[in-house]
Amino acid sequence: MSGAPAIALERVRKEFAKGERRVLAVDDVDLAVEQREFTAILGPSGCGKSTLLNMVAGFEGPTAGRVLAGGAPVDGPSPARAVVFQEPALFPWLSVFDNVVFGPKTQGKPAAEYRAGAAQIIEQVGLSGFESHYPAELSGGMRQRVGIARVLVMQPQIMLMDEPFGALDAQTRSLMQELLLEVWERHHQTVLFITHDIEEALLLADRVCVMTARPGRIKKTIRVAIPRPRSIEVTTSPEFNRLRAEVFALIREESLRAAAESARAGGAR
Amino acid sequence: MPRVLRAPWLLVLPAALVALWHFAVAERWIVEGIIPSPAQVLDSWYTWIFGSAQATLSPYSGTWFDNVAYSTRRVLQGFGLAAAVAIPLGLMIGWNRLVAQVVDPTIQLFRPVPITAWLPFAIAVFGIYDASALFLIGLGAFYPVVVNTTHGVRDTNLLLLRAARLMGARPATVLAKVVFPSALPSIFTGLRLGIGVAWTAVIVAEMIAVKSGLGYVLWDAYYVGRMDICVATMFSVGLLGYLSDRVIVAAARFLLRWRTLEAHE
């Protein structure tokens, strides 16, 4: 079990029925994420990267191929594979504290067991003093912190993050990235992080998988050999710039190919 | 505008309508003897509530509270019954496709039948008793509550359902801790519509199917030509309906505090 990768996708293919047509969202994806590794999936919008994450989370099954977590097939959502969604998806009728402890509470854990841990995590994500606030009273960044705290409190082996900072303004986004780096240094979970932001992927991840436009395939995997612990300052280093240029070229090539292809499809019609 | 300054504006239209009513009667714009003046109605209403110092032959003297109690009890019982059935059923219809397929078409078929059309059936089955009235009130209030509850359940954000499942919630927990609170605003909309229908139904039922309550007084007063009592009854029903709606709104405000915060954002 310990030898198996935390997440493994084997020749995964996913089709959706769209009326009469069948749309191929993801095709022939092979991916192994090692324990405690931070992997980012980077791709243009509509490349099926969220579909990939939904399959790992267990919300959707693959049309063909296998999705494994710790060597066992994924057959549904589990607290061991926690998801931070793009929208925080908080329960608006619960206070910050009650949102954070929803997981352990519904799993029937005694309050004495999770209260102290929850308070600690709320402090780590900078929400001390807001425990009794409702989500509606918080800013977008603070809501996403609650979304992260809610996941951390369950101590998942695997964290799946679906463009968690995509809806935030640039300022808040970089603060949240630093927060995530800090949190990850402390817990070292396995992370699968979906994004379309090149700098975000390079700043956070050990490994960046660049995806092709639809149908999504993994075009190239790039190892980010920037030492940890990292902070926002590494984004100005020469190594970071070299990687950024490399990934940018890959993405650009992909966007051009996609544009040319859709133009051809338009002409054929 | 502060609440205090807004208050006078609330009174402008009612005051104008009462003035129009007063002059229409006093200046004989309408045929004499059919519509009583506001003063007459107020006077009769007072006697109806508090009785009369002199011996009186009026059968209505001092009976207002009794009749209000009859009608209110029927509304509360019928409405309570309707809510107790409609909310769980609505949750199940919205939550489970099989339940929806089995139950929903039948509800939608019966729904367009007005409760007034059920009157003969109710009397034939339950007789001139309370059960008739409760059946009509309950049936009338049932539809808006069940339909709005179902709607609320189906409107639940998919991400919230996924988040709950992910955090280890079983289906029953998801229903109780996510779907129900998420549907609650919609359920309250149904309850507000339902209490309105309940007051309509109680008047209809009491006019024909039982021999007590405001609806009975209304019809009886009409037969003996006491239009002043008829109008006083109409005001009474309006007032009670308004008050019961306020009670539901207050309960909703309390239970949905998180929502008022959202609205003020």
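We use all heavy atoms of the structure for the numbers below, so side chains are in, but hydrogens, waters and symmetry mates are not. Here is the naming used below: chain letters follow the sequence lines, and residue numbers restart at 1 for every chain.
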- Query: side chain to side chain contact (heavy atoms under 4.5 Å, CB included) between N54(A) and R162(B): does it pass, once the steps are laid out?
  - Reply: CA-CA 10 Å; N54(A) 282 339; R162(B) 283 186 167 180; 3.6 Å; yes
- Heavy-atom pairs under 4.5 Å with chain A are the metric here; pick the option from R165(B), R170(B), M167(B), K177(B) that has the most. M167(B)
- Output the option from L255(B), V178(B), T173(B), L184(B) having the highest count of non-hydrogen pairs under 4.5 Å with chain A. V178(B)
- Query: So, for A89(A) and L159(B), which heavy atoms are closest and what is the spacing to 0.1 Å?
  - Reply: CB-CB, 3.9 Å
- Measure across L160(B) and F91(A) and return the closest heavy-atom pair with its distance rounded to 0.1 Å. O-CE2, 3.7 Å
Please determine whether the number of non-hydrogen atoms from other residues, nucleotides or ligands lying under 6.0 Å from atom [atom1] of [X] exceeds 12.
X: R66(A); atom1: CZ; answer: no
X: R36(A); atom1: CZ; answer: no
X: Q108(B); atom1: CD; answer: yes
X: Q124(A); atom1: CD; answer: yes

- Heavy-atom distances under 4.5 Å only: say whether L94(A) touches chain B with side chain, backbone, both or neither. neither
- Query: Once you round to the nearest 0.5 Å, how far does CZ of F85(A) lie from CG of L158(B)?
  - Reply: 8.5 Å
- R150(A) side, atom CZ; L166(B) side, atom CG - distance, nearest 0.5 Å: 8.5 Å
Could you pull out all donor-acceptor pairs under 3.5 Å where a side-chain atom in residues 135-150 of chain B meets a protein atom, sequence neighbours excluded?
unit_1: N148(B); atom_1: ND2; unit_2: P144(B); atom_2: O; d: 2.8
unit_1: T149(B); atom_1: OG1; unit_2: V145(B); atom_2: O; d: 2.6
unit_1: T150(B); atom_1: OG1; unit_2: V146(B); atom_2: O; d: 2.8

- Pairs in or reaching into residues 82-97 of chain A: which pass side-chain hydrogen bond (donor to acceptor under 3.5 Å, both in side chains), with residues at least two apart or in two chains? S95(A)-D98(A)
